[in-house]
Every structure is written in structure tokens, then in C-alpha cells.
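Remarks on the structure that follows.
Everything quoted here is computed from the prediction, not taken from an experiment.
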Amino acid sequence: MLPLKHKHVVVVVFTKTKLTRPSFSSISNNNYSSSSYCPSFTQNVVAESFKSWFKSTTTTRDPLLHRISHVLSSTSSPDEFSSALSSLPLPPLTEPFVLRVLRHLSRHPIPFPHPHLHVLSSLKFFDWAGHQPGFYHSRATFTAIFRILSNANLMPLILDFLHTFRKSRFSHRVRFNDTLVIGYAIAGKPEVALHVFGKMRFQGLDLDTYGYHVLLNALAEGNYFNAFEVIAKQIRTRGYENHVTVAIVIKSLCKQGRLEEAEGYFDELMSSGKELDGSEVSLLVGAFCQGNRFDKAIRLVREFGEKGLVPLDKAYGVWIKGLVRGGRLNEALRFFWQKKDEEGYVPGSVRYNILIWRLLRENRLRNVYDLLMDMNETNIPPDMVTMNAVVCFFCKAGMVDVALELYNSRSQFGLSPNHMAYKYLILTLCWDGCVKEAYSVLKSSVGQGYFPDRRTFATLATALCRECKIDEMKELIHLALGRNILPTSSIYDKFISALCRAGRIEDAYLMHGELNDETARMSYYTKMIRGFKKLQRGDIASRLLIEMKEKGYKLARPLCRGVLCCLLEMDNNPKANFFKLLEMLSRHEKHYHIYNCFIEGAGLSYMAEVAMEVYEMMQRNGIEPGNSSHILMLKSYLKSGRITDALNFFHNLRRQGIVSRKLFNTLIVGLCRSNKPDIALEFLSEMIKAEFNPSIQCYESLVQQFCSLRRYNEAINLVNMYEKMGRRLTSFMGNVLLYHSLISADLYDTCVRLRGVGDGEFSGSSMLTLIIGAFSGHIRVNYSIEDLEVLIAKCFPVDIYTYNLLLRKVSHNDMDQAFKLFDWMCQRGHEPTWWTYDIMVHGFSKHGRGNEARRWVEEMSQKGFYPKERGRMLV
């Protein structure tokens, strides 16, 4: 079967667990979605191929040992597993068989729900075997269980084990003191082992070769160098010295930093013709690498390699490991491939794993792929570390579907994911949008004793919040708090936002209440206040507003306005709640900004009388209302439609000598919005007489209002007045005039009468008349659309609304010209609006070009705009 490749994603296919090597094209270091580049059948083929390779590690297993392992991991009570084990067709218990079972269990053959559960299984079997009739544990079986506990870094458990063992010495047929010495030595307590050894010697007992070397190694590891020399001398005296002794002596010298002495000692042994196994060279090479003396280390490797006196496979492996840990990864890879090609060097899976994991860290996926291929070609079965590396590799290569399939099938080949495999799976699934699967992997990792690091936790939490997976997010936070991990403020912020988006505002408020003061950020309050406002719960929103104030946050006016409007719209005592909130917010800070906010809120709720109560309360509390307060109060009257009260309030202020340009502008604009343009025009005249320069908005509002009433004389007179002040016509006023020129012929006649027309060359005021005439159809012009745009630009700035008016004019006669105008408008940087698309759809439909109209409706929908009923009928 040939290998499959898709773009930057590598697909590896095995046939009968043998890998076919494709030419590896460029692997991107980026994470791609596997679903984007690989068909589903390809993912399945790749997953099945790797599963076959992984299963190759189980083909040589003894089925009986596997059944024992399964019984021990799936049963809990002693009676259950004792009964289950007894029902198996076990051979008579002997030391070799017990050692075989312990060795099998220590290799962790099936996925356990906890990283140390295989140790528990070993202990359960050890205890069960010791209680079987006719079997007694030997020193070898004790040493085996000590090694298992030591490898799992469970030294306290070994000490408890030894303490119990010393108490019950009469129940064991074993070299009691030897076992104690070996046990304490393995447990990292050489001082206790020496004490027991001293008692042995006092009783006339002694250790054998194995016991002496275990003790000697523990002394070297524990830096008990004086005692080390004594024990080493006794080993030599008894004739126990061998290559193990030499290796431990070299280790001791290296740990003391006496590397030259260690090298000299080794040279003497070589000169004497002593038989060695190569571990001695590996110890020297490792020591030089740890001291960053790489040149010395490689010289040793080459020197002994040329002599050919000792096997150097171990030294090669240590050298590769030293280079990798020293950050010299390229050198390690070159050395690996060189020795493999020249000498047929085949390292164990441990050395492969060291290289693979470091390459994964640096995203060098091509090299990882080559090493995995080489492992399979040289028949090196993958161990647990390799399997986890493969999972990470597929995550990084953008094939998370394959990684997830291997993970889901882990029970078939004994995969027990490590922390990195869980991390990469969760992160990649989150990045691929598979949040549900990512959370499922997280739950599984927690069940096996792993909890993600902060980055992984934050990524998963962000993804859950983004997808509004509220229940899962609550459970995730509960899991974190149960492990004394406090999520960051950012995560709480995102969760509260998700709760608000999901409409679970009450839950958001309850969570907010559980947070301490330091984690309650302003964004929490803002989102929750908006949420409660939508639910018409102004009482809770106002409570949150008070909390914000107490914490020193600045109250934004839009937020306050929303809460106040919500309070006044409630059925239960709206005014009482409104003034209660005012009292609480102004209790410690008598500032006019707070009162202004309440005046504005009441005005927006069409409660001018409430706004006036706040205005008067402000004065009673000794705060003189400023110009902004007067303007807000005037707006409240105008918005409530209480024109008489607004005029009285304005006149009263004017009698007090309190009048300003802004106050006039507010009154004029408000009167126009209340359909009182005549009164507004009178105040405009008074404003000009008082030498207050009216704002542009005043003219725009009056012109718009008079045009909407078809009172074009007043509108054009205002335009003339505006231009005489030296101001250029605004886009708003110009667009209003153009719009009305399309719907009424009277506007052009009024312009001719009040502004005149030019002879030949149009300029000044007559230019606007020409444009209005062209739009209304009174004047036929030979100008192109582009030329007409230039003429308009001379009168007022062209904006998107102007282009829409031009489109509407052109679409009546020529849709091809309209399309060119649309394209021209986009080229000039104007973003089409809903009205733009509606004009185009209506124009094509009107001219019987239904297919084109439908295409414009589709484009309109893609932009997020929805057509009118006539447009929807075209779809």
C-alpha cells in the first residue's frame, strides 16, 4: 500500500506493521485542521496502520500474564482479585514465575486510571503470592518489588514495607538481613543499610556479591564517599570485584568531579587487559557531557571506537542523550545516522524517544517522521513513551483525527497517555473547534491523575466559553478549585460573558458573588448590568452599579442611563427605586455629574417631571446646575413632548441671564424633532440677533424639516442664509435636497426663483440649481456620471448616501451604467449599505433581469443584509 500525502500533512501507511517510506515533502510547523486536507478514509487507514504497529508490542506477550494484569487492575477488594487469580490456570508458584509476573506488571501493559496504579497491581500480586501455601518470597522477589517502588519514586512506601518486614521476620524464609540492606540501599537510605550491615558483621554474617554491589552503588549515589572506599576495599578483598565494581567506582569518581582520575583508572584497566562491558565508557562520556566538555566526550568515543576493545553501544546512546540535553540536537542526529549507516548501530527505544521528544519540542516534524520510520524498519517495538510521542506528532502535523482515534483505541494496545499527550490533544482539538472532544479528553486525564497546565486549562476554558458550554465550564472550574487551582480573572470574565450570552444572568450574578474583591473586574459589572437590563431587572442592575461605585470604578454615562431607564420601566415602585439609587450613589460624593446622569436617564424615559425633581434636588443639596444640567433638563422636556414647559424653562433661564449658544442649539434641534419648525426658525433668528452663531445641526435640522413638509421656500432661504455666512454646504443638507429633487418637481422651481440659473458656465449658487434640475429631470445634461459626481463635489462633500442617490437616479434608465457606478463607488473606498444593494436588486428586477437580481440578493445576504419582501421573492 502506498503512502498518502496531502499538502502540508503527512500520511503514513503501514502494511503488516511494516512502514513504507514516502518522500517526505515539506511539513509545516503550523497546526492545520486535518479535516481540511485529508479525506475521512485516509484518516482511518493511517489510524489503523499505527494501531497495528502499536499492537506489535503485545504479540509476544504471554496471554496468561496479560490476564493476570487485567484481573489486578479491574478488581479492588482482596477477596475479589484473590478469587479471580485463583480461578486462572496458573502454574505452581515459583520464584522465576513471580519475577516474570512482576516484570510484566512493572512495564505497565494496559492503560491504568492512575499513573501509579501498576505499582498497586504489583503490590497486590506480591502480597497475594506471599499468602499462597507452599510459596515463600525470596530475596530476589523482594528486590524486584523494591525496584518497582523505586522506579515509581515511592521511597516512603519502601521504608514502610521494610518496617513491616522487620517486625515479621519469623514469617519469611529469606536471607533477612541481606534483604534489609538491599531494601534500604534501593530506598536511598544507605546510612540505615550500613547500620544493618554492621549488625550483620557483628553476628558473623556477610553479604554476597549482589548485596555488596547494591550497597556500594547506593553509597556512590548518596555521596557517602568515605564509606564507599571501605566497602569497595572489602569487595576486592573477598574477590567479588567485576565489571560492575569498575562501573560503580568510575561513577563515584565522576560524582566527585574527579574526571581525569576516572579516565586514568579506566586506562589502567584497559592496559591490564581486564574484561569490560562498555558501561564504563558510557559513564565517562555522560560525566563529560554533564560538565559541558563535549569535545572530551567525543574524543573518548572515537578513541575507544578505533581500538575496538569494548562495545560502545551504551556510550553512543549516552553521547546522543548528552548532546540532546546540551541543546546540540543537529550534532546528535548526525552522529545517530552516521553510526547507523557505518556500523549498523541500533539503539533501544529509549534513545529514539529522547531524540523524538526533543524534535517534537522544536516542531521538527520531518525528523520525527524519519525516526518513527526507522524504528519500524529496524523492528523496534514502540513502548509507552513512543506511543505518546506518536499522538503528539499527529497533533502537531495537523492530523488530530488520527491522534484522537489512537487515543480512543488505547485499551487495544495498552497506551496510557502522559501529560504531554493529553496537553497536545486538548490544545489541538480546541484549535480545530472540537471542544466537546477536548473536554472529554480532559475528563479522562483527570481520571488518570493528570490536570492540565495553566496554558492548556486557559485554552480549553476559552473554547468552552466561546461555544457557551456552560455546564462543562462549571464542572471545569469545580475541578480546578478542587485542586486548589484558582482560575484567572480573565477566565472568570469569559465565563461570566458566556453566561450572559446564554441568558443565564442569574448564574453569572451568583458566580460574581462567589468571587473575591480582587477578581471582580469592571468588565464583569458591565456585562452583567447589560444582561439584567435586557431581563428588565433594574433592581439587580442598580445593585451592581452601586458595587462598581464602591470599588472605585468610574460609572460610564451610557451604562448609568441604561440602568436608570430600566428602573423607571419596572412595575414595582419605579420612582422610589430611582431616587433610592440616586441617594446611594450621591451619599459620599455630591457631584453634579451624578445628578446630570439621573436627569438624562429620566428624560430618556419620557419622565420630564422626574428629571425636574432631580434638577431641583440638585439645587437643594447646594450644587448649582451648570450649562450641561440646563441642556439635559431642556432635552427632557423636548423628548417628552412638553413643548410649553420647555419654552418656559428656556425663557426662565434667559430671564436669569443664563443663556448660551449650546442651549439655543439644543432648543432649535429639539423643536425640529418635535415638528415645530416655525418656532425653531424664530429662535434661530433670535440667536443670530444675539450674535450666537447657530450650529450646523440647527440648519440641517431646519432644512430637513421644511423639506419634509414640502416648504421648499423656507428650506432654500435657510440654505442661502447658511452659505452667506461663508460656510460650505454639508453632505447632509446636500443629500436632503437631492433626495427631495427626486420626489418633487417643486424644489427645482424654488431653486430657480431663489438662487437663479447660470448662462453657459455654472458657478456658485447656480451649480446646486443645475444639479437639482438634473436630478428632478427638468434639465437634460450631457454629463457622464463621473462628471456629475465632480459637479456635486463642488457643491458639497460626496458620501455613500450621495452615491446611493446617484444609483437610484441612474437605475431608472440604465442598469449597466448603475453597475459601473457601483464599481466606481467601491473603488473610491465607499462601503455599500443595505440601501445600495436594495437599489441594485430593485433596479434589475424592474428591468426584467431576474437572474442578475437573484445574484445581487445572494451577495446582499452574504454581507449580512436582508432584502425586502420583493427581494426575498426572487430567491
Practice item. Applying side-chain contact (heavy atoms from CB on, under 4.5 Å), run through Leu194 and Leu215 and close with a yes or a no. Key: CA-CA 8 Å; Leu194 279 174; Leu215 177 59; 4.2 Å; yes
Point to revise | Heavy-atom closest contact (Leu283 atom, Ala247 atom, distance) | key: CD1-O, 3.0 Å
Review point. Can Val98 and Phe135 be said to form a side-chain contact (heavy atoms from CB on, under 4.5 Å), step by step?
Key: CA-CA 10 Å; Val98 172; Phe135 178 79; 3.5 Å; yes
Practice item. Kindly indicate whether the side chain of Val244, heavy atoms from C-beta on, has any atom under 4.5 Å from the side chain of Thr209. Key: no
Point to revise | Lys/Arg cation over aromatic Phe97: Arg100, 6.0 Å, 45° cone | key: no
Review point. Quick one: does Lys340's side chain get under 4.5 Å of Thr378's, heavy atoms only?
Key: yes
Point to revise | ring pair (Phe, Tyr, Trp, His ring centres under 6.0 Å) involving Phe228 - partner list, sequence neighbours excluded | key: none
Review point. Between the main-chain N or O of Glu191 and the side-chain N or O of His195, is there a donor-acceptor pair closer than 3.5 Å?
Key: no
Review point. Considering residues, nucleotides and ligands other than Arg293, do more than 12 of their heavy atoms fall under 6.0 Å from its CZ?
Key: yes
Revision key, fill the gap. For Met387 and Pro382, the nearest pair of non-hydrogen atoms, with its separation, is CE-O, 3.7 Å
**Study point:** Glu221: salt bridge (charged side-chain N to carboxylate O under 4.0 Å, His left out) partners, not counting sequence neighbours
**Key:** Lys251
**Study point:** Residues in ring pair (Phe, Tyr, Trp, His ring centres under 6.0 Å) contact with Tyr352, at least two apart in sequence or another chain
**Key:** Phe336
Review point. Among all residues two or more places apart in sequence or in another chain, which pass the salt bridge (charged side-chain N to carboxylate O under 4.0 Å, His left out) test with Asp453?
Key: Lys423
Review point. Between Ala403 and Leu425, what is the shortest heavy-atom contact and its length?
Key: CB-CD2, 4.0 Å
Check your understanding: What distance do Ser122 atom OG and Arg147 atom CZ have between them, rounded to the nearest 0.5 Å?
Key -> 15.0 Å
**Study point:** Point-to-point distance, once rounded to the nearest 0.5 Å, from OG1 of Thr386 to CG of Asn376
**Key:** 11.5 Å
Check your understanding: With Arg328, which residues qualify under salt bridge (charged side-chain N to carboxylate O under 4.0 Å, His left out), at least two apart?
Key -> Glu331
Review point. Under the salt bridge (charged side-chain N to carboxylate O under 4.0 Å, His left out) test, which residues partner Arg361, sequence neighbours left out?
Key: none
Review point. Rounded to the nearest 0.5 Å, how far apart are CD1 of Ile231 and CG of Leu219?
Key: 6.0 Å
Practice item. Would you confirm whether Asn242, through its side chain, and Thr245, through its main-chain N or O, come within 3.5 Å as a donor-acceptor pair? Key: yes
Practice item. Could you tell me which residues satisfy side chain to side chain contact (heavy atoms under 4.5 Å, CB included) with Arg201, sequence neighbours excluded, listed by chain and number? Key: Phe197, Asp206, Tyr212, Gln234, Arg238
Exercise for review: Mind listing the closest non-hydrogen atom pair of Thr141 and Phe126 along with its distance?
Suggested key: O-CE1, 3.5 Å
Practice item. Using the side-chain contact (heavy atoms from CB on, under 4.5 Å) rule, take Leu180 and Lys199 through it: C-alpha gap first, then chi angles, then the decisive distance, then the call. Key: CA-CA 11 Å; Leu180 285 179; Lys199 290 176 67 175; over 6 Å; no
Check your understanding: For Ser445, what residues pass the side chain to side chain contact (heavy atoms under 4.5 Å, CB included) criterion, not counting sequence neighbours?
Key -> Tyr422, Leu442, Tyr450
Check your understanding: Should Arg358 and Val368 count as side-chain neighbours, where that means a heavy-atom distance under 4.5 Å?
Key -> no
**Study point:** His213 side-chain N/O to Ile248 backbone N/O, donor-acceptor pair under 3.5 Å
**Key:** no
Check your understanding: Are any non-hydrogen side-chain atoms of Leu149 and Leu123 less than 4.5 angstrom apart?
Key -> yes
**Study point:** Spatial distance of atom CG (Leu323) from atom CG (Leu333) [nearest 0.5 Å]
**Key:** 10.0 Å
Study note, to complete from the structure: Contacts satisfying salt bridge (charged side-chain N to carboxylate O under 4.0 Å, His left out) that involve residues 226-236 (not counting sequence neighbours) are Arg236-Glu241
Exercise for review: Taking all non-hydrogen atoms of both residues into account, name the closest pair between Ala220 and Ser252 and its distance.
Suggested key: CB-CB, 4.2 Å
Practice item. State yes or no: are the ring centers of Phe394 and Tyr424 separated by less than 6.0 Å? Key: no
Review point. Heavy atoms, side chains only, cut-off 4.5 Å: are Gln132 and Leu90 in contact?
Key: no
Exercise for review: Would you please say whether a donor-acceptor pair under 3.5 Å links the side chains of Asn330 and Arg364?
Suggested key: yes
**Study point:** Donor-acceptor pair, side chain of Asn388 and main chain of Asn418, under 3.5 angstrom
**Key:** yes
Review point. In this structure, are over 12 heavy atoms from other groups packed under 6.0 Å from Asn226 atom CG?
Key: no
Review point. Who are the side chain to side chain contact (heavy atoms under 4.5 Å, CB included) partners of Ala389, not counting sequence neighbours?
Key: Ile356, Trp357, Leu360
Practice item. Flag the pair Ile145 / His137 as yes when at least one side-chain heavy-atom distance between them is below 4.5 Å, and no otherwise. Key: no
Review point. Can Val324 and Leu329 be said to form a side-chain contact (heavy atoms from CB on, under 4.5 Å), step by step?
Key: CA-CA 5 Å; Val324 171; Leu329 189 53; 4.0 Å; yes
Study note, to complete from the structure: Applying side-chain hydrogen bond (donor to acceptor under 3.5 Å, both in side chains) to Thr143 and not counting sequence neighbours gives none
Point to revise | Side-chain heavy-atom pair Tyr407, Arg410 within 4.5 angstrom cut-off | key: yes
Check your understanding: How far apart are the closest heavy atoms of Val181 and Ala193, and which atoms are they?
Key -> O-CB, 3.6 Å
**Study point:** Side chain proximity check, Asp178 to Phe142, heavy atoms < 4.5 angstrom
**Key:** no
Review point. What residues, two or more places apart in sequence or in another chain, satisfy side chain to side chain contact (heavy atoms under 4.5 Å, CB included) together with Ala144?
Key: Leu99, Leu102
